[in-house]
Amino acid sequence: QVQLVESGGGLVQAGGSLRLSCAASGRTFSSYAMGWFRQAPGKEREFLATIDWWGGSTYYADSVKGRFTISRDNAKNTVYLQMNKLKPEDTAVYYCAAGGDGPLIETYHYWGQGTQVTVSS
């Protein structure tokens, strides 16, 4: 069992940066691949980035490639999403998830409660 808590969301101007954190409980965190997703009002949840269990492999959605960076610190049971060059269309609730297969949302077993990111123009 893994419990996930996101933090770091907020209001930022277009072009700015935010770093989201996802703190995990449970001794098995380091064995899970982790992912970041987002959901804007009226839209389906969207895959953003994933990282394998040891942090050696990452994969990004085209919409965020080159702007967002996923990383993890297994010693701290935390996964991060560094978001740069933010755009108003990045406004959404951001979720971390554990235990899934790459970009396949339906394969993730554990989800956080989400953190709101709002980008003003």
Side-chain angles (χ1 to χ4, degrees):
Q1 190 81 3
V2 176
Q3 292 185 327
L4 305 172
V5 179
E6 301 96 336
S7 62
L11 175 64
V12 63
Q13 289 189 332
S17 298
L18 282 174
R19 188 176 81 155
L20 304 182
S21 298
C22 173
S25 64
R27 293 178 294 175
T28 58
F29 168 79
S30 61
S31 66
Y32 286 113
M34 299 294 295
W36 281 99
F37 302 81
R38 68 185 178 191
Q39 189 166 18
K43 295 188 176 181
E44 293 186 351
R45 194 164 295 190
E46 172 191 14
F47 164 77
L48 299 176
T50 187
I51 188 167
D52 67 1
W53 67 274
W54 64 287
S57 179
T58 58
Y59 179 74
Y60 296 91
D62 287 343
S63 59
V64 303
K65 195 177 298 182
R67 298 190 299 125
F68 291 9
T69 303
I70 189 171
S71 62
R72 68 190 296 163
D73 185 338
N74 287 343
K76 296 182 178 179
N77 277 11
T78 302
V79 63
Y80 304 97
L81 186 68
Q82 177 67 42
M83 305 187 296
N84 299 327
K85 301 179 182 178
L86 284 162
K87 307 174 183 179
E89 51 264 43
D90 293 319
T91 295
V93 177
Y94 283 68
Y95 299 89
C96 68
D101 182 12
L104 303 178
I105 293 176
E106 65 274 14
T107 65
Y108 282 80
H109 304 294
Y110 306 105
W111 291 84
Q113 84 290 347
T115 186
Q116 177 71 45
V117 172
T118 303
V119 184
S120 63
S121 57

Practice problem: Could you list all the disulfide (SG to SG under 2.5 Å) pairs where at least one residue sits in residues 53-121, not counting sequence neighbours? | Solution: Cys22-Cys96
Exercise. Could you list the residues that satisfy ring-ring contact (aromatic ring centres under 6.0 Å, His included) with Tyr80, not counting sequence neighbours?
Key: none
Quiz item: Can you name the nearest heavy-atom pair linking Leu18 to Gly8, along with the distance?
Solution: CD2-O, 3.8 Å
Quiz item: Do any N or O atoms from the side chain of Asn74 and from the backbone of Asn77 form a donor-acceptor pair under 3.5 angstrom?
Solution: no
Self-check item: Min side-chain heavy-atom separation Val117-Leu20 under 4.5 Å
Solution: yes
Quiz prompt | Residues that Val93 engages under side chain to side chain contact (heavy atoms under 4.5 Å, CB included), provided they are two or more places apart | solution = Tyr95, Gln116
Quiz item: Shortest non-hydrogen contact from Leu11 to Ser120?
Solution: CD1-CB, 4.3 Å
Exercise. Enumerate the residue pairs fulfilling side chain to side chain donor-acceptor pair (under 3.5 Å) with a member in residues 39-49, sequence neighbours excluded, ordered by first and then second residue.
Key: Arg38-Glu46, Gln39-Arg45, Glu46-Ser63
Quiz item: Between Ala14 and Pro88, which heavy-atom pair has the shortest distance, and what is it?
Solution: CB-CD, 4.1 Å
Quiz item: Between Val119 and Lys87, is any pair of side-chain heavy atoms under 4.5 Å apart?
Solution: no
Exercise. Would you mind listing every disulfide (SG to SG under 2.5 Å) that reaches into residues 35-89, with sequence neighbours excluded?
Key: none
Quiz item: Looking at CD1 of Ile51 and OG of Ser71, how far apart are the two atoms once the value is rounded to the nearest 0.5 Å?
Solution: 6.0 Å
Quiz item: Phe37: what forms a ring-ring contact (aromatic ring centres under 6.0 Å, His included) with it, not counting sequence neighbours?
Solution: Phe47, Tyr108, Trp111
Self-check item: Pairwise distance CG(Leu81) to OG1(Thr115) - rounded to 0.5 angstrom
Solution: 11.0 Å
Practice problem: Return yes if some donor-acceptor pair links the side-chain N/O of Thr50 with the main-chain N/O of Met34 below 3.5 Å, else return no. | Solution: yes
Self-check item: Selection residues 59-77 - residue pairs positive for salt bridge (charged side-chain N to carboxylate O under 4.0 Å, His left out), sequence neighbours left out
Solution: Asp62-Lys65, Arg67-Asp90
Exercise. Sort and list the pairs that fulfil side chain to side chain donor-acceptor pair (under 3.5 Å) and have at least one residue in residues 11-20, not counting sequence neighbours.
Key: Ser17-Asn84
Quiz item: So, does Glu6 use its side chain to make a donor-acceptor pair with the main chain of Gln113 at under 3.5 Å?
Solution: yes
Quiz item: Any chance OH of Tyr110 has more than 12 other-residue heavy atoms, nucleotides or ligands included, within less than 6.0 Å?
Solution: yes
Quiz prompt | Straight-line distance of Trp53 CH2 to Thr28 OG1, nearest 0.5 Å | solution = 13.0 Å
Self-check item: Min side-chain heavy-atom separation Val64-Trp36 under 4.5 Å
Solution: no
Quiz item: Among all residues two or more places apart in sequence or in another chain, which pass the side chain to side chain contact (heavy atoms under 4.5 Å, CB included) test with Thr107?
Solution: Asp101, Leu104
Exercise. Establish whether Tyr59 and Val79 are linked, either directly or via other cluster members, by ILVMFWY side-chain heavy-atom contacts under 4.5 Å.
Key: no
Quiz prompt | Which residues share a side chain to side chain contact (heavy atoms under 4.5 Å, CB included) with Gln3, sequence neighbours left out | solution = Ser25
